[in-house]
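As the structure lists them, so they are numbered: ligands from 1, and atoms in each ligand from 1. For clarity, every value in this text was computed on a predicted model and none was experimentally measured.
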Amino acid sequence: MTKKILILEDESSIADNIRYALEAEGFFTLWFATLAEGKQRLAAGDIDLLVLDVGLPDGNGFDFCRELRKENQVPVIFLTARSAEIDRVVGLEIGADDYMVKPFSPRELAARVKAVFRRGQSAVEASPPVRLKSTLPFTLDPERMKIFYFGSALPLSRYEFRLLRVLIERPGRVLSRDQLMEMAWEEPEASLDRTVDAHIKSLRSKMRAVEPAIDPIETHRGLGYSLKEHW
Ligand code: CA
């Protein structure tokens, strides 16, 4: 089935280049210049991926994504004009799947889009039901890419899901940042998003929102991280 990609970008020349590159790869594209129109189109369903400019005339893409994530897990790739690291981290913490800093090559974007779909695909294929240690307050639903913590579904981005999954499948085991990258990132050497610490921080805050008194991830100075083993 042809994948349908929604592009929200207010600069028509950029949007044209993106559409050209994505359609050359066999994707079907739709383009709108405002969040209002994009929201309406997303609500109608059947969008497989969203390419989202951060600066749009009627609002900020980060806020839009944060809002969207409450009900919709459609993959999101951000387009941002600002290369400040903080923007990148924020973009991924709020549930984006990848980002590109302008100016970027539309072909590179098309490659990222394909990588996102590949990751989604392999997550579905490689997802037999997993039995976690029964004393843990986590439930893993690999097919839906969901992790429940004390019964609450955590709102996780793709990388956060994979990272937390690695940890909860190995309670007590100390894993270095490199090991976590290798295990949770599909193509670690190709990924720009080599920020294990930022994702751990984000995971902690999401779990703290459910259970403020517990920090389930332990930091081992100079070594890495582990999941709390005894509950
Ligand atoms: Ca813009």
Leu6, Leu79, Asp98 screened by side chain to side chain contact (heavy atoms under 4.5 Å, CB included) with Val51, the one that passes: Leu79
Which atom of Met183 lies closest to which atom of Val166, heavy atoms considered: CB-CG2, 3.9 Å
side-chain contact (heavy atoms from CB on, under 4.5 Å) partners of Val210, counting only residues at least two apart: Tyr149, Phe150, Ser152, Leu154
Greater than 12 external heavy atoms within 6.0 Å of Lys39's NZ: no
pair Leu136-Leu227: side-chain heavy atoms closer than 4.5 Å: yes
Heteroatoms of the protein, restricted to N/O/S, which lie under 3.0 Å from the Ca ion (ligand 1): Asp10 OD1, Asp53 OD2, Gly55 O
Non-hydrogen side-chain atoms of Leu56 and Phe64 separated by less than 4.5 Å: no
